[in-house]
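Report on the following structure.
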Amino acid sequence: MDVRKISKIASLALLCVGFAYASGAKEIKLKTPSLKERSVDGAMHYKVKNGVYAGVYRVNTQVDKIKKFNHGRQATKEEIKFNDIDVRYDWQGLPDGKGSVAQGEELYNKNCVMCHGDFGAGGKGYPTLAGGEKSSLKNQLLDPDSGDEPPVKTIGTYWPYASTLWWYVKTGMPFPHPMSLSNDEVYAIVAYLLSLNEIQIDGEDLDDDYVLTKEKLMKVHMPNEDGFYPNVNKYGPEIMKKFLSDPSNYGTQTVRCMKNCPTGKVVHIKHTLDEAINPPVTTKRDLPKETKKEGGANSKYAKLFEAKCSACHTNKAIAPVIGDKEAWAPRIKQGKKTLYTHAIKGFQGMPPKGGNADLSDADVKGIVDYIVSKSK
Amino acid sequence: MKEHNKKVSVSSRRGFFKKIAASAVAATAVAPVALSAKDDALLKEPEWGKKLGDPVNKHLYGMPSPYEHNVIRRTHELLSSGDFYASVAMCPVHELEGIITPNGLFFNRCHGGVAQIDPNEHRLLIHGMVEKPLVLTLEDIKKYPKESRIHFIECPANGSTEWRAPQFNTLQFLKGMMSCAEWTGVRLSHILKDAGIKPGAKWVLAEGADDSHMGRTIPLEKILDDAMVVFAQNGEALRPEQGYPLRLLVPGWEGNLNVKWLKRLEIGDKPWHAKEETSKYTMLMPNGKAVQYFWPMEVNSVITRPCPDYPWTHLKKGDIVEIEGLAWSGHGKIKGVDITFDGGKNWVEAELKGLVLPKAWTRFSYIFKWEGKPLLLASRAYDEVGNVQPTIDQEVGKMGVENIYHRNAIVTWEVKANGEVNNVQIRDYKKEREMIKKDAKEEVKKWM
């Protein structure tokens with residue numbers, strides 16, 4: 001392609017402000033809008049002009065004249081209180097409560113350990129909750145064969161605020177049934193997780209009998225509190241506009257190199273991930289293979305299993321997987337009665353009713369029958 | 001994707017990068033049917049011409065042809081936080097035409113499973129720094145003037161398995177954490193007229209009604225600009241995977257910010273710093289500090305035909321074919337796309353085709369004569385704000401490889417003489433190592 005032609009097209013589009021010749025390379029520098037023409041994210045700011053938005057969408061212009069629509073109704077104080085479940089980094093929204101590290105450990109071992117591992121060490125595919133060094137955050141595992149170490153991002157090394165931990169444990173965990181822990185229980189678990197991460201409060205270690213309260217939690221400063229930028233707390237969204245409007249902050253370019261551009265070596269796939277794609281990729285057009293009718297896949301107990309038990313019983317790192325005959329054979333040998341009891345009352349890593357206190361005994365038995373029928 | 005990277009970094013990284021000889025990696029795809037000299041398809045009356053088809057009342061909600069059963073989302077156990085409830089199903093980008101993703105193929109990323117919500121029981125609560133806190137039903141929301149706009153949604157972890165080295169030989173898994181649809185809903189600026197925003201308000205917390213109670217902080221300026229609450233995609237109600245009955249749409253921004261199953265908007269004067277803007281969705285830079293908020297998805301592009309999933313193995317020498325692809329940018333409209341055949345040394349301009357809309361997928365096209373000569377084929381998009389897609393060295397030299405999100409470097413296909421297509425990377429590890437700055441001070445100071 002003729003470079004002169006490129007330059008002509010580009011300048012016609014009012015993009016080209018000239019050629020730069022760096023080490024023999026031919027480059028086109030693009031025109032960039034001023035901050036005033038941009039939105040808070042550095043993007044083009046679109047307006048409605050003559051009833052057309054962004055130059056492409058026609059819009060109704062009557063709406064501009066309407067001051068209020070008055071749809072919906074006023075929310076009540078109770079509604080707001082019930083739903084306002086967040087905890088902001090300045091602690092707005094943190095409720096009262098208390099709990100000790102020892103209570104937290106007990107609760108953790110009952111509600112969390114099956115996924116997050118002993119002492120939050122992970123290892124079951126779920127996030128690791130403790131360990132690592134903050135200094136590792138500078139690590140770069142650039143070339144997978146280099147032998148370099150990657151950073152270790154955990155609550156202790158990476159999270160900037162303890163408020164986020166309280167909020168997330170309360171509203172997001174335990175994963176299969178969030179919003180089930182009382183505020184005191186959340187305080188206890190947060191105390192335990194902070195102690196696993198060797199966080200101190202007022203210079204004090206969080207020993208087993210340490211009781212975390214609202215006042216104490218609000219004193220926590222996480223080791224990586226200053227590990228994030230731009231500082232939106234101080235400067236508001238405006239600083240993000242500056243940051244995002246300059247692509248050199250994030251490796252994106254403003255120049256199109258057209259000829260004799262610097263390149264690199266060709267790196268092929270050495271360590272493929274393709275094998276575990278489910279199902280394997282194919283563009284074949286054929287009829288689906290007759291799938292064996294799954295007995296009662298839509299039955300009540302199949303659905304209950306899906307909703308209440310599958311979080312653990314489809315992951316072999318956690319629990320015997322449904323359909324895994326080998327894993328279930330010795331268990332089934334114990335007899336249905338034992339299985340029922342273990343499922344209802346709990347058994348080692350298996351919480352009572354899988355943590356679903358709302359399930360009736362009869363339903364649990366029904367689900368166990370379903371599991372067994374699928375796993376023989 | 002983030003969790004996968006975490007897993008790689010913390011536990012089983014070595015096992016993860018399994019040793020597999022490069023020669024064992026081949027295109028996974030099957031080429032489309034080629035016409036043979038003895039083809040007799042037009043020399044006999046086909047079966048379906050000799051009998052009645054299905055009655056019109058067979059599928060009251062239409063289904064794709066059974067022959068299309070391989071055109072589906074796909075999953076991968078490593079692209080998850082432990083199970084398929086906090087995970088992603090990838091969009092078959094290689095099979096899509098035009099710029100609209102059919103609803104059943106739209107990528108699906110969720111953090112606590114796909115919530116199944118009774119729309120009669122669903123409410124939107126708006127409170128915080130407002131004159132009148134509001135409760136709205138879906139029918140209340142549909143009373144406001146509606147708008148329909150075409151926007152892509154992309155998870156910022158799209159392509160994140162490729163920071164260190166190429167790992168997937170399929171477009172579906174390289175770029176499948178995105179899709180593009182026509183969304184219908186109501187601008188939040190209309191609804192917030194009824195709530196009345198108090199002075200000093202700057203930020204909004206958006207929260208989902210699902211298991212994860214996904215909370216994300218969004219600047220009020222965006223909410224009042226082009227953000228919408230949407231209840232429909234491509235003409236029908238949102239699919240549960242996209243947040244039925246209501247989701248937030250923040251055009252051009254990280255997928256995760258388009259909170260699904262939207263239940264609550266709280267207006268405030270400070271950012272919240274939720275789990276997904278501290279522990280996750282933050283970009284750890286080589287200097288050990290992380291960019292906390294990064295809203296728009298940067299300018300990006302990829303060639304969709306050919307690609308590893310859809311190679312050129314059925315072409316004959318001399319065939320005139322279209323090279324086609326997708327370009328998109330959260331910063332505005334796509335301005336143009338360049339194409340290289342030699343791995344990025346020299347570039348020519350491709351042409352855009354179809355609708356060129358802001359923050360939407362845009363198709364590009366280049367007519368090419370296939371001579372059976374090996375190529376290193378790649379595309380590079382640039383957008384309305386003058387941003388140009390970087391090379392891998394340019395991006396990694398600045399960002400390092402540990403930030404997981406927002407990877408928009410050029411994607412290169414190695415097209416072999418037999419038409420097979422492989423995902424390769426054009427990069428220079430040594431140069432990257434030299435470019436990467438580990439000193440935080442100068443970089444970070446001006447933003448603190």
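In this text, all values refer to a predicted model and were calculated from it rather than measured experimentally.
When each of A/V87, A/N315, A/N70 is scored by its heavy-atom pairs under 4.5 Å with chain B, the top score falls to A/N70. Ranked by heavy-atom pairs shorter than 4.5 Å toward chain B, the options A/N139, A/T314, A/I155 are led by A/N139. Of the listed residues (A/N249, A/L165, A/L142), the greatest number of heavy-atom pairs within a distance under 4.5 Å of chain B belongs to A/L142. Counting heavy-atom pairs closer than 4.5 Å to chain A, the top-ranked of the candidates B/P296, B/G332, B/P219 is B/P296. Of the listed residues A/G172, A/S310, A/A276, the one with more heavy-atom pairs under 4.5 angstrom with chain B than any other is A/A276. For chain A, the option among B/K222, B/E266, B/M283, B/H94 with the highest count of heavy-atom pairs below 4.5 Å is B/E266. Of all the listed residues (A/G131, A/P230, A/G236), the one sharing the greatest number of non-hydrogen pairs under 4.5 Å with chain B is A/P230. Heavy-atom pairs under 4.5 Å with chain A peak, among B/S329, B/A409, B/P271, at B/P271. Ranked by heavy-atom pairs shorter than 4.5 Å toward chain B, the options A/T263, A/T32, A/I318 are led by A/T263. Interface remark: of the candidates B/I426, B/V299, B/V71, B/I126, B/I426 forms the most heavy-atom pairs closer than 4.5 Å to chain A. Between chain A and the options B/G252, B/G288, B/P66, B/P166, the largest number of non-hydrogen pairs under 4.5 Å is found for B/P166. Most heavy-atom pairs under 4.5 Å with chain A, from the set B/L136, B/D428, B/L134: that is B/L134.
Contact of B/R264 with chain A is made through the side chain alone, with heavy-atom distances under 4.5 Å. Both the backbone and the side chain of B/E384 come within contact range of chain A, each with at least one heavy atom under 4.5 Å from a heavy atom of that chain. For chain B, the nearby part of A/Y168 is the side chain; its heavy atoms alone come within less than 4.5 Å. Looking at A/K68, the atoms closer than 4.5 Å to chain B (heavy atoms on both sides) sit in the backbone and in the side chain alike. Only the side chain of A/Y161 comes within contact range of chain B, judged by heavy atoms closer than 4.5 Å. For chain B, the nearby part of A/M179 is the side chain; its heavy atoms alone come within less than 4.5 Å. Interface remark: B/H127 contributes side-chain atoms only to the contact with chain A (heavy atom separation under 4.5 Å). Heavy atoms of A/V266 lying under 4.5 Å from chain B belong to its backbone as well as its side chain. With a threshold of 4.5 angstrom between heavy atoms, B/R187 approaches chain A through side-chain atoms but not through N, CA, C or O. For B/N387, the parts lying near chain A are the backbone and the side chain together; criterion is any non-hydrogen pair under 4.5 Å. If you measure heavy-atom distances from B/V396 to chain A, the contacts under 4.5 Å come from the side chain alone. Heavy atoms of A/P279 lying under 4.5 Å from chain B belong to its backbone as well as its side chain. Only the side chain of A/V56 comes within contact range of chain B, with at least one heavy atom under 4.5 Å from a heavy atom of that chain. For a residue to count as touching a neighbouring chain, one of its non-hydrogen atoms must lie under 4.5 Å from one of that chain's; by this rule A/K47 does not touch chain B. Proximity to chain A (any heavy atom under 4.5 Å) is restricted, for B/R380, to the side chain, taken from C-beta onward. Proximity to chain A (any heavy atom under 4.5 Å) is shown, for B/L284, by both the backbone and the side chain. Both the backbone and the side chain of B/Q425 come within contact range of chain A, with heavy atoms under 4.5 Å apart. With a threshold of 4.5 angstrom between heavy atoms, B/K359 approaches chain A through side-chain atoms but not through N, CA, C or O. Contacts between B/S148 and chain A at a heavy-atom distance below 4.5 Å involve the backbone alone (N, CA, C, O). Residue B/T278 touches chain A through both its backbone and its side chain, counting heavy-atom pairs closer than 4.5 Å. The part of B/N408 that comes within reach of chain A is its side chain, from C-beta onward, which places non-hydrogen atoms under 4.5 angstrom from that chain. Within the 4.5 angstrom heavy-atom criterion, only side-chain atoms of B/D338, from C-beta onward, approach chain A.
By the neighbour-count criterion of 12 heavy atoms within 6.0 Å, atom NZ of B/K345 is sparsely surrounded, having that number or fewer from other residues, nucleotides or ligands. Residue A/K265 places its NZ atom among 12 or fewer non-hydrogen atoms of other residues, nucleotides or ligands, all under 6.0 Å distant.
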Problem set entry | B/T282 vs A/F228, side-chain contact (heavy atoms from CB on, under 4.5 Å): CA-CA, chis, key distance, verdict | CA-CA 8 Å; B/T282 46; A/F228 294 81; 3.8 Å; yes
Exercise. Should B/V291 and B/W447 be marked as a side-chain contact (heavy atoms from CB on, under 4.5 Å) after you check the CA-CA gap, both sets of side-chain angles, and the distance that decides it?
Worked result: CA-CA 10 Å; B/V291 176; B/W447 305 109; over 6 Å; no
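By the side-chain hydrogen bond (donor to acceptor under 3.5 Å, both in side chains) test, A/N60 is found to be paired with A/Q62, residues two or more places apart in sequence or in another chain being considered. Considering only residues two or more places apart in sequence or on other chains, A/C261 meets the disulfide (SG to SG under 2.5 Å) condition with A/C257.
A side-chain donor-acceptor contact under 3.5 Å links A/D246 and A/S248. Side chain to side chain, B/H69 and A/D286 meet the donor-acceptor criterion of an N or O pair below 3.5 Å. Under the 3.5 Å distance criterion, with hydrogens and angles disregarded, a donor-acceptor pair is assigned to the side chains of B/Y144 and B/D194.
The aromatic rings of A/Y126 and A/H116 stand perpendicular to each other, their planes meeting at an angle above 60°, with 30° marking the opposite boundary. Below 30°, between 30° and 60°, or above 60°: for B/Y85 and A/F175 the angle between ring planes is above 60°, a perpendicular geometry. Between B/F294 and A/F243, the ring planes are perpendicular. Angles over 60° get that label, and only those under 30° would be called parallel.
We find the OG1-CG distance between B/T340 and B/D342 to be 4.0 Å, quoted to the nearest 0.5 Å. Taken to the nearest 0.5 Å, the NZ atom of B/K289 stands 8.0 Å off from the NZ atom of A/K138. Interatomic distance, B/I72 CD1 to A/N278 CG, rounded to the nearest 0.5 Å: 8.5 Å.
Pairing each heavy atom of A/Y250 with each of A/L244, the nearest pair is OH-O, 2.7 Å.
Figure legend: cation-pi geometry between A/R256 and B/W347 absent, as NZ or CZ is not positioned both under 6.0 Å from the six-membered ring centre and within 45° of its axis. Geometrically, B/R74 does not engage B/F168 in a cation-pi contact defined by less than 6.0 Å to the ring centre and at most 45° from the axis.
Of the options A/D90, A/D86, A/N233, a side chain to side chain donor-acceptor pair (under 3.5 Å) to B/H273 is made by A/N233 and by none of the others.
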